[in-house]
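Here is how names work: the chains are called A, B, and so on, in the same order as the sequence lines, proteins then strands, and each is numbered from 1.
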Number of protein chains: 2
Amino acid sequence: MLAAARAAFAERGFDGASIRAIAATADVDPALVHHYFGTKDKLFLAAVAAPADPDELLPEVLATPADARGAAVVRMVLRVWDGPARPAILALVRSAVNHEWSAKLLREFLLAKIIRRVVGSIDMPVEERDVRGALVASQLIGMVMTRYVLQLEPLASASPDELVAAVGPTVQRYLTGDVDLPG
Amino acid sequence: MLAAARAAFAERGFDGASIRAIAATADVDPALVHHYFGTKDKLFLAAVAAPADPDELLPEVLATPADARGAAVVRMVLRVWDGPARPAILALVRSAVNHEWSAKLLREFLLAKIIRRVVGSIDMPVEERDVRGALVASQLIGMVMTRYVLQLEPLASASPDELVAAVGPTVQRYLTGDVDLPG
DNA sequence: GTCTATACGTGGATAGAC
DNA sequence: GTCTATCCACGTATAGAC
């Protein structure tokens, strides 16, 4: 049932997905959804919050040498997106674009769970952490949007290895390279 | 009146923006909107299609030397987004995330009007054009999403010059640099 | 041309029977 | 716990008076 919700939110966005349709795909009564989750917001949160924990993949990334961290991060992102968690994250991204509260959710998730920990694992001046982290995020978000949301070819059909080879160096530069930093 | 529509679409997305609200902000009758534009889709197209012509800024970019093209592209993008066209593009982006037909619109706009012409102005093997173009798009889209949609700090508050300095080199590498290319 | 009134559908949410 | 029935708000779109 959460699976149906995730799929619907991922496919049609928060507004487009109706509780009725979700209930129909899950072969249950619409009233049941309310009974279990209360409001639509809560259902959404339950649907996206579950698989949003990257704690299993991050250690692997942090175990790579610092000068290969860029490629490792890109590979992790692709692995998550090409795995079973895609509907949940896609749903989160889709609604983050149209709802501020959801954008805040994604923002803080990115910051606390990903960016801080990736850049935090690398030795650099404190004042550079946030900027480098945001730059990394910009390239990763762009890659994800282009490949999975906008589906712009040939990026959409490229293999993970090819993508890692192409955008890994960019992330690496943002992490440890020579960057003209704001501020 | 188109201005009100643009603002509403940009702020609340295609679904969230109601013709009633648009008409209210524009101080006209909702029925008038239908009378002029017919359906909501047509109104949307009219609102976003107008300022979507970058023909004025592109020549300036193409006039820069090839090894400074990356920075020039980034600067152009920022200039457009920080200018009066922002609501229109923001509206297009917002709805492109949730509606396939709108995504297609944005995709083809990017391809035909921007990417093809920027990479087309640089001497490179034909089979590299699409890939390099898509990579450029991925970084630009990411920058825009991070800064204007997600509003992740400190990128959201950085000055254009700072951004050009930081992400310009990335775009430059995608355009003319040494990249491990898919395919 | 401009506005009033309204049809028509949809979707979230609730009450209450079983 | 599960489902039927229904309420209510909102949004698109149209018909028709002025």
For this session: Determine whether A:Thr176 and A:Arg69 make a side-chain contact, defined as any pair of heavy atoms from C-beta on separated by less than 4.5 Å.
Result: no
Exercise. Can you find a heavy atom in the side chain of A:Leu140 that is under 4.5 Å from one in the side chain of A:Val171?
Worked result: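 Yes, their side chains come closer than 4.5 Å.
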Exercise. Just checking A:Ala17: base, sugar-phosphate only, or nothing, at a heavy-atom cut-off of under 4.0 Å?
Worked result: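 Sugar-phosphate, backbone atoms only, no base.
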Please tabulate the protein-to-nucleotide N/O contacts below 3.5 Å involving nucleotides 2-4 of chain C, giving atom names and distances.
unit_1	atom_1	unit_2	atom_2	d
C:dT2	OP2	B:Tyr36	OH	2.9

Whole angstroms only, please: what is the [atom1]-[atom2] distance between [X] and [N]?
X       : N      : atom1 : atom2 : value
B:His34 : D:dT14 : NE2   : C1'   : 9 Å
A:Lys40 : C:dG12 : NZ    : C1'   : 8 Å
A:Leu43 : C:dG11 : CG    : P     : 15 Å
B:Asp15 : D:dG11 : CG    : P     : 11 Å
A:Phe44 : C:dG12 : CZ    : C1'   : 17 Å
A:Arg20 : D:dC8  : CZ    : P     : 15 Å
A:Asp41 : C:dA13 : CG    : C1'   : 13 Å

Problem set entry | Under-4.0 Å salt bridge between B:Glu108 and B:Arg116 |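 A salt bridge is absent here (no side-chain N lies under 4.0 Å from a carboxylate O).
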Exercise. Salt-bridged, B:Asp82 to B:Arg147, with N to O below 4.0 Å?
Worked result: yes
Exercise. Considering residues, nucleotides and ligands other than A:Arg107, do more than 12 of their heavy atoms fall under 6.0 Å from its CZ?
Worked result: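 Counting neighbours around CZ of A:Arg107, more than 12 heavy atoms of other residues, nucleotides or ligands fall under 6.0 Å, so yes.
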Exercise. Side chains of A:Asp29 and A:His35: is there a donor and an acceptor less than 3.5 Å apart?
Worked result: no
